[in-house]
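Atoms within each ligand, like the ligands themselves, are counted from 1 in listed order.
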Amino acid sequence: MPFLVVENLSTSYSTENGKVHAVQNVSFSMNAGESIGIAGESACGKSTLGLSIMRTLQGGTVESGRILLDGESILDMTDEEFARHFRWKKLSMVFQGAMNSLDPVYTIGQQFSDVLREHGHLQNHLNVMTAALRSVNLDPQVLKKYPHELSGGMKQRVVIAMALLLKPRLVIADEPTTALDVLVQSQILNLFKMLKKENTSFMLISHDLATISEICEKIGIMYGGRMVEFGSSEEIFEKPKHPYTQALIKSFPKLHSDQRPKYIPGSPPSLLNAEPGCRFIQRCPHAMEKCKKDPKTTKTDSGYVQCFLYE
Ligand code: SF4
């Protein structure tokens with residue numbers, strides 16, 4: 001059985017203007033030891049997907065669907081059950097911009113200790129904290145430091161170490177390299193590769209396909225709140241099917257090619273009171289009359305695509 005199964009997950013936010021359908025009927029699975037990348041433009045629902053799985057939605061509601069983690073239905077659990085047995089222990093998250101939310105008035109050691117205490121870990125704090133810091137190549141002396149004494153790259157390693165404190169099998173990392181300089185980005189990616197070898201799986205949420213391709217065996221492409229294509233990294237890059245996936249790949253610069261990146265004309269659809277039909281219809285060069293209905297899911301070699309061109 002896969003380690004994580006997400007089935008027909010829909011999550012929305014209620015606003016005074018109506019419902020924002022941030023995640024609509026998203027399904028995918030990942031096996032233990034695999035890593036998955038979730039890619040797409042800003043506001044396509046990828047962060048909400050991560051927060052729904054982590055059960056840390058602020059103001060949002062999971063409306064329907066199932067999430068099975070290690071065979072157990074986590075949406076059917078009480079908050080207390082999930083916090084006691086799953087959050088941080090089997091599944092943790094590096095939140096977007098987390099390195100900027102380290103508390104400036106406490107040392108890293110105090111902040112790590114708080115996390116351990118909150119999750120019922122009462123003994124051997126120093127050993128656990130030291131091991132977590134060493135796993136991200138940081139000296140345990142960092143425990144005595146305040147956040148302002150650390151560089152951006154060190155702070156990002158600290159929040160990754162914090163996510164690893166209780167040795168979860170899956171870490172959801174939301175834009176973990178955004179706002180870091182190129183050198184530090186590559187250090188963080190190398191760190192993820194090393195942690196993968198030590199059996200930590202990642203769900204890497206990023207707008208940057210190049211970052212995802214370095215780490216992940218599987219990729220889910222999100223557009224307008226839906227996962228429009230899902231498959232192996234190889235298939236997504238070599239034989240992308242959905243017109244949005246194709247356009248997204250062409251929009252990134254390639255190192256060994258003279259081809260200039262092509263931007264995607266138009267802008268993403270609003271998720272407020274989303275209408276039926278393919279969400280890419282306004283920007284798709286292949287749009288047809290029938291695309292005003294919702295495309296069904298069609299199997300591909302390693303996953304699926306939602307587009308009338310393949311039905
Ligand atoms: Fe384009 Fe239609 Fe496919 Fe949507 S369903 S991506 S509009 S061809």
Side-chain angles (χ1 to χ4, degrees), residues 6-13 18-29 36-50 52 63-65 204-213 216 218-254 259-311:
V6 175
E7 273 177 10
N8 300 322
L9 187 74
S10 293
T11 300
S12 68
Y13 298 92
K19 265 192 185 175
V20 174
H21 298 272
V23 172
Q24 299 163 34
N25 255 321
V26 165
S27 299
F28 66 92
S29 65
I36 179 173
I38 308 291
E41 289 164 296
S42 298
C44 66
K46 50 192 194 309
S47 293
T48 299
L49 175 62
S52 304
E63 294 200 333
S64 55
L204 199 57
I205 297 171
S206 178
H207 63 278
D208 183 358
L209 267 177
T211 301
I212 283 177
S213 68
C216 303
K218 286 182 172 171
I219 297 180
I221 305 288
M222 288 196 68
Y223 188 82
R226 296 180 183 162
M227 192 167 279
V228 293
E229 187 164 0
F230 175 73
S232 67
S233 294
E234 238 174 26
E235 191 175 8
I236 295 285
F237 277 97
E238 301 300 324
K239 291 186 275 177
K241 305 228 165 12
H242 197 281
Y244 174 65
T245 312
Q246 294 167 354
L248 192 65
I249 289 171
K250 282 188 192 147
S251 72
F252 281 91
K254 292 192 181 55
Q259 267 188 356
R260 285 171 166 259
K262 282 191 185 158
Y263 85 104
I264 309 173
S267 41
S270 164
L271 300 177
L272 185 67
N273 302 323
E275 298 284 326
C278 172
R279 311 290 291 140
F280 195 51
I281 191 165
Q282 300 296 343
R283 303 168 86 185
C284 178
H286 311 286
M288 309 167 259
E289 188 57 29
K290 61 181 168 183
C291 304
K292 289 180 184 162
K293 291 187 187 152
D294 283 345
K296 293 200 178 78
T297 298
T298 305
K299 274 193 169 187
T300 57
D301 289 349
S302 60
Y304 66 79
V305 63
Q306 290 177 341
C307 171
F308 280 110
L309 293 174
Y310 304 95
E311 272 188 23

- List in chain and number order the residues that pass side-chain contact (heavy atoms from CB on, under 4.5 Å) with L272, two or more places apart in sequence or in another chain; answer none if no residue qualifies.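 So L272 forms a side-chain contact (heavy atoms from CB on, under 4.5 Å) with T15, N17, V20, S270.
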
- With sequence neighbours left out, what residues match K293 under side-chain contact (heavy atoms from CB on, under 4.5 Å)?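 If we apply the side-chain contact (heavy atoms from CB on, under 4.5 Å) test to K293, skipping adjacent residues, the hits are F308.
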
- Query: Does a donor on one side chain and an acceptor on the other come within less than 3.5 Å for T48 and Y13?
  - Reply: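 Per modelled atom types, T48 and Y13 side chains form a pair under 3.5 Å.
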
- Item | Y223 and Q306, any side-chain heavy atoms less than 4.5 Å apart |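 Counting from C-beta outward, Q306 and Y223 never come under 4.5 Å.
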
- Query: Would a 4.5 Å heavy-atom cut-off, applied to side chains only, mark V228 and R279 as touching?
  - Reply: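 No, side chains not in contact.
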
- For T300, enumerate each residue passing the side-chain hydrogen bond (donor to acceptor under 3.5 Å, both in side chains) test, keeping only those at least two apart in sequence or located in another chain.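 T300: no side-chain hydrogen bond (donor to acceptor under 3.5 Å, both in side chains) contacts found.
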
- Item | For atom 1 (Fe) of ligand 1: protein N/O/S atoms at distances below 2.8 Å |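 For atom 1 (Fe) of ligand 1, protein nitrogen, oxygen or sulfur atoms under 2.8 Å: 1.
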
